Amino acid sequence: MASGGEGPADGSPDWADTSIDLSSPGLTKASASMLDSGEDFEVLDEDDDDDLSELPPLEDIGTGRAPPARDDTQMPGSEQAPEEVSNMPQAAEEWLDVLGSGLLKKTTLVPGQGVESRPRKGQDVTVRLKVMLEDGSVVEDNPSLSFTLGDCDVMQALDLCAQLLEMGETALIMSDPKYCFGPQGRSPDIPPHAALTLEVQLLAVQDAPDLELLRGREKIQLANRKRERGNFYYQQTDYVLAINSYDIALKTINSSSKVLFSPEEEAELLEVKVKCLNNLAASQLKLDHYEAALRSCTQVLEHQPENIKALFRKGKVLAQQGEYSEAIPLLKAALKLEPSNKTIHAELSKLVKKHAEQKNVETAMYRKMLGNPSTSSTPATCKAKSPRAIPWKWLFGATAVALGGVALSVVIAARN
């Protein structure tokens, strides 16, 4: 099973082989640390200075858009496809609005074997795929692309519409950039914010393999494909889908097995698991899911107590929650492992300063609650509390009351 639809004919993303691995065992010995950039432990290449989170929102296309009239959509061996494609602009009513928003449409070019032959989520499907830009130029032509339906292994437009294909059916799909490659596009052939037209034929459907029966190498490869798909979505700033892919990869790794794995395969599976958890934490932090990120980091540290990225991220999460006394030791531990790292230095200094400010505020608050008695009055207060000492204020008051009583008695006697 190949996870694809986003790159050349081999089906793998064109960036996957050059991406920086978040959990490389040699991270702490690298001369140029991944943490030296302002962004912490990203899946993205640290040489990329663009802030993808500030990109403008996607632009919606009109509901009446039709694919351009063109001749190269004809499938090999099909005689009716050119005629049907050329008639599509005049037959807009034949388009199925898949999501009800006008952003994703499907129309049938060659009928299939009936509704009952449609694939179900979780099954592995194989399709023939041709991807075209709005000007008609073909940017991908894959005669046999396989993926798991519903796992978002391919672009959303294909994953959503493949569920509506009948066996043998050939369909044309018109998609908004939102369900393709979004604001980033795909270098070098698909520009940013590009609407795409897909010609798809459903070739085969089969149940996905039983995870319990996968051999060690098969499980590793499957988990890595899901992880790399998560990295792709992370690069596209689609953190929800990235989390989905990492979760699927972890589900694959954590599934029980009826097959014995070698120690080397067990160790490699653990490395893939740590990578997924670290990348999962990064995605969760992007969505401010602090408790979930904290759990992910904690799981990494259970397997690798000296994992720098997990120490750093867990410290940042705790700092976000105001737990500076717990966050600072974690960052100190990360800094001890990589003393020259500028990002850890900066973050630790910031937290130490915030912690000191927090303690000052708490001290001032406690003083205010307790009245903050001065040191000069303390001895007098203690002395005044002596059981044998009579405060002079009380003595003066008692004398005044006595004199007032005498004066009153004199006045009353004089009147009588």
Side-chain angles (χ1 to χ4, degrees), residues 1-7 11-13 95-101 103-108 111-129 131 142 144-176 178-182 196 198-214 218-219 221-234 236 238-257 276 280 283:
M1 179 180 64
S3 172
E6 312 306 335
S12 61
W95 285 86
L96 171 65
D97 190 346
V98 177
L99 300 176
S101 62
L103 304 182
L104 184 62
K105 296 180 178 181
K106 169 190 172 290
T107 191
T108 298
Q113 299 175 10
V115 175
E116 64 280 356
S117 65
R118 288 178 178 177
R120 301 183 306 274
K121 284 186 178 181
Q123 290 186 309
D124 289 345
V125 299
T126 302
V127 301
R128 177 161 49 186
L129 174 68
V131 181
N142 194 330
S144 180
L145 171 65
S146 297
F147 57 94
T148 303
L149 194 61
D151 277 9
C152 295
D153 291 341
V154 292
M155 70 179 85
Q156 283 185 278
L158 177 58
D159 196 44
L160 292 170
C161 292
Q163 303 174 42
L164 304 175
L165 294 175
E166 300 171 3
M167 180 60 66
E169 177 184 354
T170 300
L172 207 63
I173 299 167
M174 185 181 64
S175 175
D176 179 81
K178 180 177 182 179
Y179 302 106
C180 301
F181 295 92
L196 298 179
L198 286 62
E199 183 181 302
V200 188
Q201 181 185 16
L202 181 59
L203 302 176
V205 178
Q206 63 181 7
D207 291 336
D210 188 341
L211 295 180
E212 291 186 342
L213 300 179
L214 289 178
E218 294 172 333
K219 180 173 281 193
Q221 292 174 350
L222 178 58
N224 265 324
R225 283 200 296 271
K226 303 299 183 179
R227 178 183 62 84
E228 289 169 2
R229 189 62 188 171
N231 292 354
F232 168 80
Y233 284 123
Y234 188 100
Q236 297 289 317
D238 195 334
Y239 305 117
V240 173
L241 289 182
I243 288 173
N244 178 71
S245 294
Y246 295 137
D247 279 339
I248 295 173
L250 289 169
K251 179 181 177 181
T252 301
I253 296 169
N254 294 330
S255 62
S256 59
S257 179
C276 289
L280 178 62
S283 302

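This one's a predicted model, so the numbers in the text were calculated from it and none came from an experiment. FYI, side chains are in, hydrogens and waters are out, and symmetry mates aren't considered; it's all heavy atoms of this structure.
When atom types are taken as modelled, the side chain of R229 and the backbone of D153 share a donor-acceptor pair closer than 3.5 angstrom. Panel note: side chain Q201, backbone R128; no donor-acceptor pair is recorded below 3.5 Å. Q221 places no side-chain N or O within 3.5 Å of a backbone atom of E218 that could act as its donor or acceptor partner. The backbone N or O of C152 lies less than 3.5 Å from a partner atom in the side chain of Y233, making a donor-acceptor pair. Under the 3.5 Å distance criterion, the side-chain polar atoms of N254 are matched with a main-chain donor or acceptor of L250. Between the side chain of S117 and the backbone N or O of M167 there is at least one donor-acceptor pair closer than 3.5 Å. A donor-acceptor pair is defined here as one N or O able to donate and one able to accept, closer than 3.5 Å; such a pair exists between the side chain of D159 and the backbone of G150.
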Let's go through E169 and T108 carefully: what are the C-alpha distance in whole Å and the side-chain angles of both, what is the deciding distance for side-chain hydrogen bond (donor to acceptor under 3.5 Å, both in side chains) to 0.1 Å, and is it a yes or a no? CA-CA 7 Å; E169 177 184 354; T108 298; 2.8 Å; yes
Apply side-chain contact (heavy atoms from CB on, under 4.5 Å) to residues R118 and L164 and explain how you reach the verdict. CA-CA 6 Å; R118 288 178 178 177; L164 304 175; 4.2 Å; yes
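The distance from the OH atom of Y179 to the CG atom of L103 is 5.0 Å, given to the nearest 0.5 Å. Distance check: S245 OG to R225 CZ gives 12.5 Å after rounding to the nearest 0.5 Å. Note that CG of D151 is 3.5 Å distant from CD1 of I248, once rounded to the nearest 0.5 Å. Between atom CD of residue E212 and atom OG of residue S255 there is a gap of 7.5 Å, rounded to the nearest 0.5 Å. Atom CG of L165 and atom CD of Q113 lie 12.5 Å apart (nearest 0.5 Å).
The side-chain heavy atoms of V127 and L203, taken from C-beta on, include no pair separated by under 4.5 Å. You'll find the side chain of E199 stays beyond 4.5 Å of the side chain of L129, heavy atoms only. Between Y246 and K226 there is no side-chain heavy-atom pair separated by less than 4.5 Å. Within the 4.5 Å cutoff, side-chain heavy atoms of L160 are placed close to those of L99. Put simply, the side chain of T252 reaches to within 4.5 Å of the side chain of L211, judged on heavy atoms.
For L214 against L222, the heavy-atom pair with the smallest separation is CD1-CD2, 3.9 Å. In terms of heavy-atom proximity, P119 sits nearest to A162 at CG-O, 3.4 Å. For the pair Q236 and F181, the tightest heavy-atom approach, listed with the atom from each and the gap, is OE1-O, 2.8 Å. Pairing each heavy atom of I173 with each of C161, the nearest pair is CD1-CB, 3.4 Å. Of all the heavy atoms in Q123 and D207, the pair that sits closest is NE2-OD1, 2.9 Å. Closest non-hydrogen pair, L104 versus A157, comes out as CD1-CB, 3.7 Å.
Put simply, the residue from L241, D247, V240 that forms a side-chain contact (heavy atoms from CB on, under 4.5 Å) with I243 is D247.
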